[in-house]
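Below: the structure, in structure tokens.
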There are 2 protein chains.
Amino acid sequence: MLCYNIYSGDTIALPMRFFMPRASAVSADFPQRGHDHSACGSHALLEAEAVCRSRQVKLTDLRRKVLETIWEDHAPMGAYDILAKLNAEGERNAPMAVYRALDFLIENGLVHRLSSLNAYIGCRHPGRSHSGQFLICSQCNIVAEITSEAVSKTVARAATSRGFKPSGEIVEVMGLCPHCRGN
Amino acid sequence: MLCYNIYSGDTIALPMRFFMPRASAVSADFPQRGHDHSACGSHALLEAEAVCRSRQVKLTDLRRKVLETIWEDHAPMGAYDILAKLNAEGERNAPMAVYRALDFLIENGLVHRLSSLNAYIGCRHPGRSHSGQFLICSQCNIVAEITSEAVSKTVARAATSRGFKPSGEIVEVMGLCPHCRGN
DNA sequence: GTCATAAATGTTATGTTATAACATCTATTC
DNA sequence: GAATAGATGTTATAACATAACATTTATGAC
């Protein structure tokens, strides 16, 4: 089958026995410039549906709209940005509505909050419970979510070796993404 | 010589050739309950003087007072908490004053900001330029600043292996400190 | 179906954190 | 002592987030 990798931008021939939509759709950490981003959003929405179904929680209209809005960009979005987009077509949502939807989405592993930016971003591997690790480009604002076992293990070890019992962690790295470091 | 470790609470006999005030004063990551905390503050102030002298920047009255206030506690302090303490005796400082002092102190490596808490804490190893790694107790709010080479290297490796050029990082671990995990 | 309940959303107000913009003062250098 | 840079003062407002309570909507028991 032909398979379009929305991150790398390649179209590749993929033997059917290797068909793994998730892995192919979400392979590179940094999306290709000019990729078909709507695909990211619809992919994420499908995953969100599945997650909510299996967790028996409700992806209501409002929550879905907030999630869609977040996925309009690979750069993180502030709560009030989301609000503005929601209300752009005349709706009259209040900040509370957005924050509540965000709480729900974060609780269910569909969205992450970036503490260093007070902003929110769609989760790239929903379902798995995890605190993400983020690479934040200070030039173009794109954020890559990575999941490095090495990082989480090393951090956990550093904490426990000091008698600390970790229950959650934040790892946010600022710097230049592959696209911007060239400039 | 006799040496009092303000963190562990021990008094130890230390051969003069091993006299390293900094290491002895700041050894354990989590301070002992009930230690003489004023010693932490005065120690930090002395170090701050030295750092500012060597960097040829001015530790003005206001900046010193902010730093002292931060060191009144091992738990991180919000900017407006600091403001309230400064103004407790009738002064009329504005938020700007505190934020400007904090900017200075952070720039010169004397204070860290904890993104996950929007709060500030005195740096335990000033002078060395570093982004700290923090263990934050969610029960007693005490924060330990650690400096794990393993963590920083692993994080840097994870970033660069993805084509990212890191310039700064945030590592904040939430959990229970040695004192609280027993309860 | 309708009643009771829980869940979600609506609404208003306010709390908390941080910065912009410009005026004034102070220290330093020549 | 005039010029300058750095620090602080002052006022206003931006940006981010939650409290508290009212109303609506979904769900299950009967």
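Residue numbering restarts at 1 for every chain, and letters A, B, ... go by the order of the sequence lines. The shown structure was predicted, so the numbers you read here are calculated from the model rather than taken from an experiment.
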Open item on the list: How close do B/His74 and B/Cys40 get, counting heavy atoms only, and between which atoms?
Closed with: NE2-SG, 3.5 Å

Open item on the list: To the nearest 0.5 Å, what is the distance between CE on A/Met77 and CG on A/Leu117?
Closed with: 13.0 Å

Task: Nearest-Å distance for atom pair CG/P, residues B/Leu83 and D/dG9 - done: 12 Å

Open item on the list: Output the rounded distance in Å from CG (B/Leu62) to C1' (C/dA27).
Closed with: 16 Å

Task: Atom-to-atom span, CZ of B/Phe104 to C1' of D/dA7 - whole angstrom - done: 11 Å

- [ ] Could you tell me if the ring centre of A/Tyr120 sits under 6.0 Å from that of A/His112?
- [x] no

TODO: Quickly work out the A/Asp81 CG to D/dC16 C1' distance and round it to whole Å.
DONE: 11 Å

Open item on the list: I want to check one thing: is the phosphate of D/dA7, taken as OP1 and OP2, less than 4.0 Å away from some side-chain N or O of B/Arg63?
Closed with: yes

Task: Whole angstrom value for the distance that separates P of D/dT8 from CG of B/Leu86 - done: 12 Å

- [ ] Drop me the distance from B/Ile121's CD1 to B/Arg113's CZ, to the nearest 0.5 angstrom.
- [x] 13.5 Å

- [ ] Could you tell me the separation between the CZ atom of A/Arg92 and the P atom of C/dG10, rounded to a whole number of Å?
- [x] 14 Å

Open item on the list: Go nucleotide by nucleotide along DNA chain C from the 5' end; which of B/Gly78 and A/Asp61 gets its closest nucleotide reached first?
Closed with: A/Asp61

Task: Euclidean distance, atom CG of residue B/Leu117 to atom P of C/dT16 [Å, nearest integer] - done: 16 Å

TODO: Starting at CZ of A/Arg64, measure out to CG of A/Leu59 and round the result to the nearest 0.5 Å.
DONE: 4.5 Å

Check: protein-nucleotides 18-25 of chain C nitrogen or oxygen pairs below 3.5 Å:
unit_1	atom_1	unit_2	atom_2	d
C/dA18	OP1	B/Arg113	NE	3.3
C/dA18	OP1	B/Arg113	NH2	2.1
C/dA18	OP2	B/Tyr99	OH	3.0
C/dA18	OP2	B/Tyr120	OH	3.2
C/dA18	O5'	B/Tyr99	OH	3.4
C/dA18	N7	B/Tyr80	OH	2.8
C/dA18	N6	B/Tyr80	OH	3.2

Open item on the list: What is the distance, to the nearest angstrom, from the CE atom on A/Met77 to the P atom on D/dC16?
Closed with: 13 Å

Open item on the list: Among A/Arg33, A/His37, A/Gln32, which residue satisfies the side-chain hydrogen bond (donor to acceptor under 3.5 Å, both in side chains) criterion with A/His35?
Closed with: A/His37

